[in-house]
Chemist: 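Would you mind keeping the following structure in view while I ask a few things?
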Amino acid sequence: MTPRPSSSGFVFYRLLTRIMAPAVPLLLRRRVARGKEDPARLGERFGCASQARPPGRLVWFHAASIGESLSVMPLVERFLAAAPDISVLVTTGTVTSAKLMEERLPPRALHQFVPLDHPDHCARFLDHWRPDLAVWVESEFWPNLIAAAHACGAPLALVNARITESSFGKWRRAPRFVADLLSCFSVTTAQDAASAERLRGLGSSSVLRLGNLKHDAPPLPHDATELARLRGEIGARPVWIASNTHEGEERAAAEAHLRLAQAHPNLLTIVVPRHPARGASVAAECRGLGLQVAQRSTGDRIAPATNIYLGDTLGEMGLYYMLAGIAFIGGTLNPAGGHNPFEAARLDSALIAGPSGFNFVEAYAAFEKANAMTRIAGAPALADAVGRLLADEALRRRMAASASAVASADSGAASRAFEALFPLLPAAGSAAHA
């Protein structure tokens with residue numbers, strides 16, 4: 001057994017999670033009521049597995065939600081291709097990511113919800129799964145789970161790490177605590193130079209810059225039959241999309257549509273909320289502005305009078321991007337920090353984003369420098385940015401081509417990460433855990 005982190009901050013954290021344990025069932029019931037937990041799989045949150053551990057070597061990836069889990073799919077495929085005795089476990093913490101993983105994971109790969117960060121739940125989870133290699137993705141640190149996995153003897157790695165300026169400031173208030181956590185990782189890779197520097201500042205002894213895994217993700221899939229049907233319904237109408245939107249951004253898109261429709265009366269605006277469960281409220285808000293809304297989750301068709309096509313479904317972003325060549329990236333007109341621009345860039349889209357982008361600082365800067373992305377100061381400028389591209393197809397094509405070039409410029413990150421991780425995996429027939 002490897003010693004656990006022992007700083008006073010870590011000891012206090014473990015004690016705090018035990019003290020708070022009686023409140024957890026109430027918290028979970030509230031999350032179930034809001035659709036944020038799967039009631040049929042609540043046992044997984046307490047470390048109770050709903051599937052058997054496959055025989056052979058097991059590589060465990062923990063990814064917080066949709067974006068992180070999709071970014072490691074190329075790594076999952078490389079590990080599975082490396083040897084027939086290797087299986088992969090992916091854990092996430094959201095209902096939406098769980099549904100997506102059920103659809104996307106290949107044979108010999110399975111999904112579970114990550115256990116809540118209580119010592120007993122973590123121990124139960126690890127006793128069952130006994131991973132031979134544990135890989136954390138980006139920035140979701142669960143101290144008890146990290147420490148317990150490290151204590152079991154399994155090699156740990158942190159890949160595509162992202163540390164924002166805000167989280168760096170918070171972690172610096174507990175330097176011994178975060179240094180203890182980072183010392184558990186045998187390999188650490190950062191997705192950008194700023195994150196690498198911040199990780200070093202927090203005590204990580206060796207940080208590799210291998211590129212951003214999100215640059216390597218394949219284009220989002222789509223249903224070809226549905227694409228043909230929807231294109232038939234849309235016809236020659238001009239189209240743009242507001243994707244991964246948060247509260248307030250749907251209204252901004254709807255108001256932009258009203259302005260743009262003066263010059264483009266046949267305009268269709270596709271709105272895809274980040275959280276599909278908000279679909280009904282988004283539809284009501286748009287209808288309140290006098291717009292005709294077709295809601296995909298209820299099977300509505302796109303009619304000639306439809307103004308807004310509401311993509312309130314999961315796992316169909318590739319389909320929506322294929323319908324529109326102009327993409328506003330959500331989470332940039334509010335404090336969310338922006339969402340993944342690479343998905344739209346790979347599917348022939350000129351990009352538009354607001355001022356908030358701390359989740360993808362280097363990426364947004366690269367797209368902007370390449371004239372692939374228009375940055376706007378706020379919601380009132382959205383209509384002008386979209387209108388400029390609707391009126392100039394040659395400009396839209398140049399921007400989309402530049403976006404595609406930027407998205408593929410750092411390809412190879414998954415291969416480099418796999419080369420760093422695979423040596424950590426024990427040889428067939430041996431075990432990293434003891």
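All values below were derived from every heavy atom in this structure, side-chain atoms included, with hydrogens, water molecules and symmetry-related copies excluded.
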Chemist: Between R346 and S404, is a side-chain contact (heavy atoms from CB on, under 4.5 Å) present by the stated rule, with each step listed?
Modeler: CA-CA 5 Å; R346 292 190 187 95; S404 178; over 6 Å; no
Chemist: For Y309 and R296, test the side chains for any donor-to-acceptor distance below 3.5 angstrom and give the result as yes or no.
Modeler: yes
Chemist: So, E249 and R274, do they make that salt bridge, N to O below 4.0 Å?
Modeler: no
Chemist: What closest approach, in Å, do A109 and V76 show between heavy atoms, and which atom pair accounts for it?
Modeler: CB-CG1, 4.3 Å
Chemist: Examine distances only and state if a side-chain atom of R45 and a backbone atom of G93 form a donor-acceptor pair shorter than 3.5 Å.
Modeler: yes
Chemist: Pair up each side-chain donor or acceptor in residues 234-241 with any protein partner under 3.5 Å, not counting sequence neighbours, and list the distances.
Modeler:
from: R237; atom 1: NE; to: N266; atom 2: O; distance (Å): 2.7
from: R237; atom 1: NH1; to: A303; atom 2: O; distance (Å): 3.1
from: R237; atom 1: NH1; to: T306; atom 2: O; distance (Å): 3.4
from: R237; atom 1: NH2; to: N266; atom 2: O; distance (Å): 3.4
from: R237; atom 1: NH2; to: L267; atom 2: O; distance (Å): 3.1
from: R237; atom 1: NH2; to: T306; atom 2: O; distance (Å): 2.5
from: W240; atom 1: NE1; to: T269; atom 2: OG1; distance (Å): 2.7

Chemist: I'd like to know if K369 pairs up with E362 as an ion pair, taking the criterion as any Lys NZ or Arg NE/NH1/NH2 lying under 4.0 Å from an Asp or Glu carboxylate oxygen.
Modeler: no
Chemist: Anything under 30° is parallel, anything over 60° is perpendicular, the rest tilted; go ahead and classify H246 against H339.
Modeler: parallel
Chemist: Indicate whether the side chain of R398 and that of N371 have a donor and an acceptor atom separated by less than 3.5 Å.
Modeler: no
Chemist: With a 4.5 Å heavy-atom cut-off, do V271 and D312 have their side chains touching?
Modeler: no
Chemist: Are any non-hydrogen side-chain atoms of N307 and V293 less than 4.5 angstrom apart?
Modeler: no
Chemist: Is a donor on one side and an acceptor on the other found under 3.5 Å between the side chain of R259 and the backbone of P380?
Modeler: yes
Chemist: Above 12 or not: heavy atoms from other molecules or residues under 6.0 Å from CD of E140?
Modeler: yes
Chemist: Between W129 and F125, how do the two ring planes meet: parallel, tilted or perpendicular, split at 30° and 60°?
Modeler: tilted
Chemist: Counting distance only, does the side-chain N/O of N359 pair as donor-acceptor with the main-chain N or O of G338 below 3.5 Å?
Modeler: yes
Chemist: Test your reading of the model: is there a side-chain donor-acceptor pair from S71 to the backbone of L213, 3.5 Å cut-off?
Modeler: no
Chemist: Mark yes when over 12 heavy atoms from residues, nucleotides or ligands other than R30 sit less than 6.0 Å from its CZ; otherwise mark no.
Modeler: no
Chemist: Would you name the heavy atoms of L80 and P107 that are closest together and state the gap between them?
Modeler: CD1-O, 3.6 Å
Chemist: Could you check whether K99 pairs with D38 (Lys NZ or Arg NE/NH1/NH2 to Asp/Glu carboxylate O, under 4.0 Å)?
Modeler: no
Chemist: For a 4.5 angstrom cut-off between non-hydrogen side-chain atoms, does H111 reach L105?
Modeler: yes
Chemist: In sequence, state the C-alpha distance, the side-chain angles, and the governing distance for L158 and L182, and then conclude on side-chain contact (heavy atoms from CB on, under 4.5 Å).
Modeler: CA-CA 9 Å; L158 174 62; L182 293 174; 4.3 Å; yes
Chemist: Could R278 and E250 be called an ion pair, given the rule that one side-chain N must be under 4.0 Å from one carboxylate O?
Modeler: yes
Chemist: Given 3.5 Å as the limit, does a donor-acceptor pair link the side chain of N144 with the main chain of D117, or not?
Modeler: yes
Chemist: More than 12 heavy atoms of other residues, nucleotides or ligands under 6.0 Å from CZ of R287: yes or no?
Modeler: yes
Chemist: Less than 3.5 Å apart, any donor N or O on the side chain of T94 or S65 sitting next to an acceptor on the other?
Modeler: yes
Chemist: Please tell me if the side chains of C122 and W142 come closer than 4.5 Å, counting only heavy atoms from C-beta onward.
Modeler: no
Chemist: Distance only, no hydrogens: is a donor on one side chain within 3.5 Å (strictly under) of an acceptor on the other, for H118 and T17?
Modeler: no
Chemist: Is it true that, when you exclude E165 itself, more than 12 heavy atoms of the residues, nucleotides or ligands shown sit nearer than 6.0 Å to its CD?
Modeler: no
Chemist: Knowing that exactly one of F61, W60, F141 qualifies, which makes a ring pair (Phe, Tyr, Trp, His ring centres under 6.0 Å) with W136?
Modeler: W60
Chemist: What do the steps show when you test L26 against R29 for side-chain contact (heavy atoms from CB on, under 4.5 Å), and what is the final call?
Modeler: CA-CA 5 Å; L26 175 60; R29 284 196 296 272; 3.9 Å; yes
Chemist: Identify the two heavy atoms, one from H215 and one from V406, that lie closest to each other, and give their separation to 0.1 Å.
Modeler: ND1-O, 4.4 Å
Chemist: Look at D192 together with R209 and state whether they make a salt bridge at an N to O cut-off of under 4.0 Å.
Modeler: no
Chemist: Could you tell me whether R41 and E102 have a side-chain N and a carboxylate O separated by less than 4.0 Å?
Modeler: yes
Chemist: Return the OG1 to CD distance between T374 and E368, rounded to the nearest 0.5 Å.
Modeler: 8.5 Å
Chemist: Just by distance, do the side chain of S356 and the backbone of G337 share a donor-acceptor pair under 3.5 Å?
Modeler: yes
Chemist: Report yes or no: does E44 contribute a side-chain atom to a donor-acceptor pair with the main-chain N or O of P115 at less than 3.5 Å?
Modeler: no
Chemist: Closer than 3.5 angstrom, by distance alone: can the side chain of R104 be matched with the main-chain N or O of L70 as a donor-acceptor pair?
Modeler: no
Chemist: Quick one: does R198's side chain have a donor or acceptor within less than 3.5 Å of a partner on I163's backbone?
Modeler: yes
Chemist: Looking only at heavy atoms, what is the nearest atom pair of A253 and A242, with distance?
Modeler: CB-CB, 3.9 Å
Chemist: If we ignore angles and hydrogens, is there a donor and acceptor under 3.5 Å between the side chains of Y321 and D348?
Modeler: no
Chemist: Please test F46 against D120 for side-chain contact (heavy atoms from CB on, under 4.5 Å), starting from the C-alpha separation and ending with a verdict.
Modeler: CA-CA 8 Å; F46 295 96; D120 295 344; over 6 Å; no
Chemist: According to side chain to side chain donor-acceptor pair (under 3.5 Å), who are the partners of R229, at least two apart in sequence or on a separate chain?
Modeler: E226, E233
Chemist: May I ask you to check whether H257 and H264 show a side-chain donor-acceptor distance below 3.5 Å?
Modeler: no
Chemist: Answer whether the closest heavy-atom distance between the side chains of L156 and V135 falls below 4.5 Å.
Modeler: no
Chemist: Would you say L110 and V90 make side-chain contact, with heavy atoms under 4.5 Å?
Modeler: no
Chemist: Which value, rounded to the nearest 0.5 Å, describes the distance between L210 atom CG and D216 atom CG?
Modeler: 11.0 Å
Chemist: Measure across G318 and L220 and return the closest heavy-atom pair with its distance rounded to 0.1 Å.
Modeler: CA-CB, 3.6 Å
Chemist: Consider only side-chain N and O atoms of T313 and E316, and report whether a donor and an acceptor are under 3.5 Å apart.
Modeler: yes
Chemist: Using only atom types and a distance under 3.5 Å, with no angle test, would you say the side chain of T332 pairs donor to acceptor with the backbone of A353?
Modeler: no
Chemist: Could you tell me if the side chain of M317 sits less than 4.5 Å from the side chain of V272, heavy atoms only?
Modeler: yes
Chemist: Please tell me if the side chains of E37 and L42 come closer than 4.5 Å, counting only heavy atoms from C-beta onward.
Modeler: yes
Chemist: Which pair of heavy atoms, one from S195 and one from A161, lies closest together, and at what distance?
Modeler: CB-O, 3.6 Å
